[in-house]
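Here's the structure, in structure tokens; my notes come after.
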Protein chains: 2
Amino acid sequence: MATMTAAQRRERARHAYNAYVAECPSRQVLDAISDKWVTLVLTALADGPLRYGELAPRIAGVSQKMLTQTLRRLERDGLLTRTITPTVPVRVDYELTALGETILPVVVAIKQWSEAHITEIHAARDTYDERAGD
Amino acid sequence: MATMTAAQRRERARHAYNAYVAECPSRQVLDAISDKWVTLVLTALADGPLRYGELAPRIAGVSQKMLTQTLRRLERDGLLTRTITPTVPVRVDYELTALGETILPVVVAIKQWSEAHITEIHAARDTYDERAGD
DNA sequence: CGGAATCCTTTCCGATACTG
DNA sequence: CAGTATCGGAAAGGATTCCG
């Protein structure tokens, strides 16, 4: 009777967590945008549509896999559109939707806060690490 | 001569990436707050200091490990303080610093956007998934 | 009470190779 | 050009146990 107890409890916990997530909008969106690449893609598209090949170099450090994955997720969530022009070679443009543009102020707010307080954070880290070094 | 080529390139890539991150404040902060638990802890502490035991149940789904890890990181970044009262049993309080409070508006903005647009996101997902089902 | 340490599973993600 | 498919290492994170 004790068999699978751990797994069972894990399952129940998973369901409880999912249920919680399901009823909490901000948690869901948080999961969606709490992603490094998501915010970077959104800001990259802020000035207008870009092709895949233009997008990639503007987001230093992103792999092709992560970029594609991020773009697909954002398309699914209705934050951007993916337009294929069947020329040879093919051309694909990504553009923010109206919904996608409404989130830009939030992303900008994050960026502004970052630039305004990064020095304080660095100072705090130095102090903290110094104490640990004693 | 070809040995370790992949690993070497990976190392170089890692350094290039880190260098980029090092000179971009918003990227650094983004890494710091692009974390589900970070924002949740910050909002939980918005109304005043809380003990560890009070904090945990307010953030459903968080494990003790993740909560502690998140709190340590936020303490290191100077966003909150950790106060130990050496009674028996010990009592630990967490409280936002002045710096920590300055980020609350940003977190609130995220929350408000989420609640305002979650319906549209759900609709977009349904449409997208429906097309995929054809 | 508020953790730290360990184990172990799951998920992430980069690298590589191939395609319309 | 703009992807898809697959694999393997690295990292995240949950469960459990032990400690001041």
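Worth knowing before you read on, the calculation uses all heavy atoms, side chains too, and leaves out hydrogens, waters and symmetry mates. Convention: sequence-line order gives letters A, B, ...; per-chain numbering from 1.
Taking the nucleotide of DNA chain C with the nearest heavy atom to each of A:Met66 and A:Pro89, the more 5' of the two is matched to A:Met66.
Distance from the side chain of A:Arg51 is smallest for D:dC1 among the nucleotides D:dG3, D:dG14, D:dC1.
Each of A:Val41, A:Leu79, A:Ile103, A:Leu104 was evaluated against A:Leu96; a single residue qualifies, A:Leu104, per the side-chain contact (heavy atoms from CB on, under 4.5 Å) test.
Between A:Asp129 and B:Arg76, at least one side-chain N (NZ, or NE/NH1/NH2) sits under 4.0 Å from a carboxylate O, which counts as a salt bridge.
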Between protein and nucleic acid, restricted to nucleotides 4-6 of chain D and to nitrogen or oxygen atoms under 3.5 Å apart, what atom pairs and distances do you find?
| unit_1 | atom_1 | unit_2 | atom_2 | d |
| --- | --- | --- | --- | --- |
| D:dT4 | OP1 | A:Arg72 | NH2 | 3.1 |
| D:dT4 | O4 | A:Gln64 | NE2 | 2.8 |

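Rounded to whole Å, the distance from CG on A:Leu71 to C1' on D:dA2 is 11 Å. Straight-line distance from the CD1 atom of A:Ile84 to the P atom of C:dT19: 20 Å, rounded to whole Å. The OH atom of A:Tyr94 sits 11 Å away from the C1' atom of D:dC1 (whole-angstrom rounding). Rounded to an integer number of Å, the gap from A:Asp35 CG to D:dA12 P is 14 Å. Rounded to an integer number of Å, the gap from CD of A:Glu54 to P of D:dC1 is 11 Å. A:Trp37 places its CH2 atom 15 Å from the P atom of C:dC12, with the value rounded to the nearest Å. In this structure, the NZ atom of B:Lys36 is 12 Å from the P atom of C:dT11, given to the nearest Å. The nearest whole Å value for the distance from the CG atom in A:Asp93 to the C1' atom in D:dA2 is 12 Å.
Considering only heavy atoms from C-beta on, B:Glu75 stays 4.5 Å or farther from B:Leu71 through its side chain. Side-chain atoms of A:Arg82 and A:Val92, non-hydrogen and from C-beta on, do get closer than 4.5 Å to each other. Side-chain atoms of A:Arg73 and A:Asp35, non-hydrogen and from C-beta on, do get closer than 4.5 Å to each other.
Inspection of the B:Tyr94 and B:Thr83 side chains reveals no N or O donor paired with an N or O acceptor under 3.5 Å.
Regarding contacts with the backbone of C:dA4, every side-chain N or O of B:Tyr52 stays at 4.0 angstrom or more from both OP1 and OP2.
Summary for the helix from C:dC1-D:dG20 to C:dG20-D:dC1: the axes at its two ends, each from 5 pairs, differ by 50° when rounded to the nearest 10 degrees.
Note on B:Ile59 and B:Val108: separate hydrophobic clusters, where clusters join Ile, Leu, Val, Met, Phe, Trp and Tyr whose side-chain heavy atoms are under 4.5 Å apart, directly or indirectly. Tracing side-chain contacts under 4.5 Å through hydrophobic residues (I, L, V, M, F, W, Y), one reaches B:Leu80 starting from B:Ile84; they form part of the same cluster.
Here B:Val90 lies in heavy-atom contact (under 4.0 Å) with a base.
B:Arg125 meets the salt bridge (Lys or Arg N to Asp or Glu O under 4.0 Å) test with A:Asp77; sequence neighbours excluded.
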